[in-house]
Structure formats: C-alpha cells, structure tokens
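One structure is given below, encoded as structure tokens.
Keep in mind it's a predicted model, so treat the numbers as computed, not measured. Both ligands and their constituent atoms are indexed starting at 1 by order of listing.
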Amino acid sequence: MKAITIILFAAILVVSGCKTKPDATSALSEITWGKEGDKVITLFTLTNKNGMEVKITNFGAVINSIVVPDRNGKMENIVLGFDSLKSYQGTHPYFGSLVGRYGNRIALGKFSLNSNNYTLAVNNGLNHLHGGIKGFNKQVFSIDTAYSTADSSVVGLSYLSPDMEEGYPGNLTVKVNYVLTNNNEIRIEYEAETDKPTVLNITNHSYFNLTGGKENILNHELVLLADSITPTDSTLIPTGILAPVAGTPFDFTVAHKIGERIDQVPGGYDINYKLRNKTGQFVQVAEVYEPVSGRVLQAYTTEPGVQFYTGNFLDGSLTGFNGTKYEKHYGFCLEAQHFPDSPNKPQFPSVVLNPGEKYTQLTVYKFSVK
Ligand code: BGC
C-alpha cells in the first residue's frame, strides 16, 4: 500500500510538473565550449522571463545565437552562426563578433596621429579591415562578471590589447557588458581606456535573419533613420563627402523591402549611414520587420553611424546552424559605429582616444512582434 502511494504521488508530481510552467525569470548558465591554446572558452546562455535566449562566448566576445518568438510564440534563432567553437576559430565573416580595434576600413592601413605615422596590418586588398589579421573577433576575452537578477542577465567581458597590436598604439583595455533584459532587449555596453593616444571604433557584427534562417533577407522591411551616406570608392573607402539618400535606392527613411531596389546597388548594400544624433546621444537607428514571422528588430545607439551590410560576400561556402548554407544576402548587419576611414578624414567625427579619457558606447537591439 505504501509503495502504491509513493508511485501515485510520484506520478502526480510528474504530471503536474509537465503542466505547470516553472516560475519564469531571468537565468544564466554556462558550459565549457572548448579551448583556444591553453585558454578555456565558455559559452553562456542568458534567458529572460519571456523565454528569449541569447548565447554569448568569451571567444571574440561573439553573440552566438539569439532565440526570439515569432507572432505565434514560435522560438527560433535569428542570427547567423555556428554550433561549434571550431568554426568561429576558422575563417568566417565576423558572425556575431565584437569587431575592433577599428570596425570597417582604414585606407591602405595607414594613419597619422599627433605627427606619428602608423602602419596597420593589411587584410582586405590594400586596406585594413575590422582590426586586422587577428582582430578582437579572434581574441580570448576575460570573464569579469556573469550573473542574473530578476530583471536581467549580464555577462561582462574584457580584453587588454597590447601596445602596437596589429599596428595600433597604446595598451587598450576594452570592456563589454552584454545584458539581456525582460523587455526582450540586448544591451551592449562598451568602455575602453588607453595609455597612449590612439584611434578606436568598436562594433558588434551580428548578421540578422528574422525568418529564423529559412530564406534570405530580401523580403525584410527596413526603416533606417538616416538622411545621408558616406559614398565609397571601388575599395569601399569613403570618398569623404556626405551624400543625401533622398531619391536614391539608399533611402530607407520610410519602410522599403531590403530587396526592392537592391539591383540598383552593385553587389548589394554595404555602406555607412550618418545618423541624426549628435555623437553620444542615444537614438533609434532602425526598425526591421519580417512579414511572415511578424518579428521586429529595433536598433538604437549612441554612435554617429551605422554600417548597413546585406551579406553580399556570403556565397554558400559556409554552413551554419541547422545545416543551412549561408548564401548571398542570407543575413543583414546594422553595425553601430563611427564612419569608415575616420582616422584619415578630419571632417568625420573623431575616433581619437587619449589617455585619461573613457570611450563609451551603448547599442541596443530590441525584439518584438507585429
Ligand atoms: C563590411 C563589408 C565586409 C563585411 C564582412 C562589413 O562590415 O562593410 O565590406 O565584407 O563586414 O567582413
């Protein structure tokens, strides 16, 4: 009789366990993902009370995945990336990475600052791109904090970039906090300090695909709150002028499908937009709506620009989550940043960081449905 009671009790517990939704709250867990040399790499999983889930690793401070609901509550990952650390250690176009020291290009890998000439690693034709041969995306970040409260989960990472790394002056300390809130926002808070005058332009290089990776991003509808772009030469270095977007296929001040006019833009969109804020002022950058899933992404930043890139160089040679081949235009990026080649363009907002100053940036990606 006693045994039967216990079995019955256990059965009731199992059944009620299946039915009862556990108390939803923010949570954080971690696993050892692998190693880079002798350094252990961790993969964190942050969840919020709505079940939104973000995975972050200290290798390259990469955002590995972002799982959000569609309008029917179906949870899917909406960024391009890989299941294994090994794939991030190999060659890939900066999926989810923290890019630095300089997001985008510096012409011929050269600049001068306070009458000193600097030569950077060149890794994109004749130019320097995204921090050089071994940028922040390939560095192991220290784990400073990882915790969860009722309202949010936080992972704080940092990296000390030594003087002259990839050619950049100054010992530079970079810190990033990734915060997942219960408002379905990922807040990316950056800070940096240097011990010599240097230049700095860090960004996150997530490739979004709000369909959950089912098709390319050409049917996504985009509003980009920017009135001008920095046109480039054939090597994607800005010419130095600002060009109004009005009347051109670059005008997204009202919603357009990304694919609507992309044929008029050779190769696809890969261009820096000047935002409407004063540098440092936190404003909305963009809203992207994917009509089938109903998912919406809103981007906000304190940066003066955003690089809108439509995955033009993806060519199907990389296989990511769920065995998906990432073909051309399979993801789009909204990289909050200063303008490309600013160290050589005095007319652009300054990217100089001096000893005693603190670099700060806040960028937020917020998810919802319509
Ligand atoms: C650049 C592209 C580049 C891509 C991947 C983007 O930020 O604007 O030109 O191909 O990153 O590296």
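- The side-chain contact (heavy atoms from CB on, under 4.5 Å) test applied to Pro346 returns no partner, not counting sequence neighbours.
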What does the N/O contact table under 3.5 Å look like for ligand 1?
unit_1: ligand 1; atom_1: 7 (O); unit_2: His130; atom_2: NE2; d: 3.1
unit_1: ligand 1; atom_1: 7 (O); unit_2: His205; atom_2: NE2; d: 3.2
unit_1: ligand 1; atom_1: 7 (O); unit_2: Glu335; atom_2: OE1; d: 2.8
unit_1: ligand 1; atom_1: 7 (O); unit_2: Glu335; atom_2: OE2; d: 2.9
unit_1: ligand 1; atom_1: 8 (O); unit_2: Asn104; atom_2: ND2; d: 3.1
unit_1: ligand 1; atom_1: 8 (O); unit_2: Asp270; atom_2: OD1; d: 2.5
unit_1: ligand 1; atom_1: 8 (O); unit_2: Gln307; atom_2: NE2; d: 3.1
unit_1: ligand 1; atom_1: 9 (O); unit_2: Arg105; atom_2: NH1; d: 3.1
unit_1: ligand 1; atom_1: 9 (O); unit_2: Arg105; atom_2: NH2; d: 2.8
unit_1: ligand 1; atom_1: 9 (O); unit_2: Asp270; atom_2: OD1; d: 3.4
unit_1: ligand 1; atom_1: 9 (O); unit_2: Asp270; atom_2: OD2; d: 2.5
unit_1: ligand 1; atom_1: 11 (O); unit_2: His130; atom_2: NE2; d: 2.9
unit_1: ligand 1; atom_1: 11 (O); unit_2: His205; atom_2: NE2; d: 2.8

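- By the side-chain hydrogen bond (donor to acceptor under 3.5 Å, both in side chains) test, Asp227 is found to be paired with Arg276, residues two or more places apart in sequence or in another chain being considered.
- Here Leu80 pairs with Phe95, Tyr207, Asn209, Leu314, Tyr326, Tyr330 under the side-chain contact (heavy atoms from CB on, under 4.5 Å) rule; sequence neighbours left out.
- Listed for the Thr301 side chain is a donor-acceptor partner under 3.5 Å among the backbone atoms of Glu303.
- With hydrogens and angles ignored, the 3.5 Å screen pairs a side-chain donor or acceptor of Glu166 with a backbone N or O of Ile133.
- Both tests pass for Arg261 against the ring of Phe252: distance under 6.0 Å to the centre and angle within 45° of the axis.
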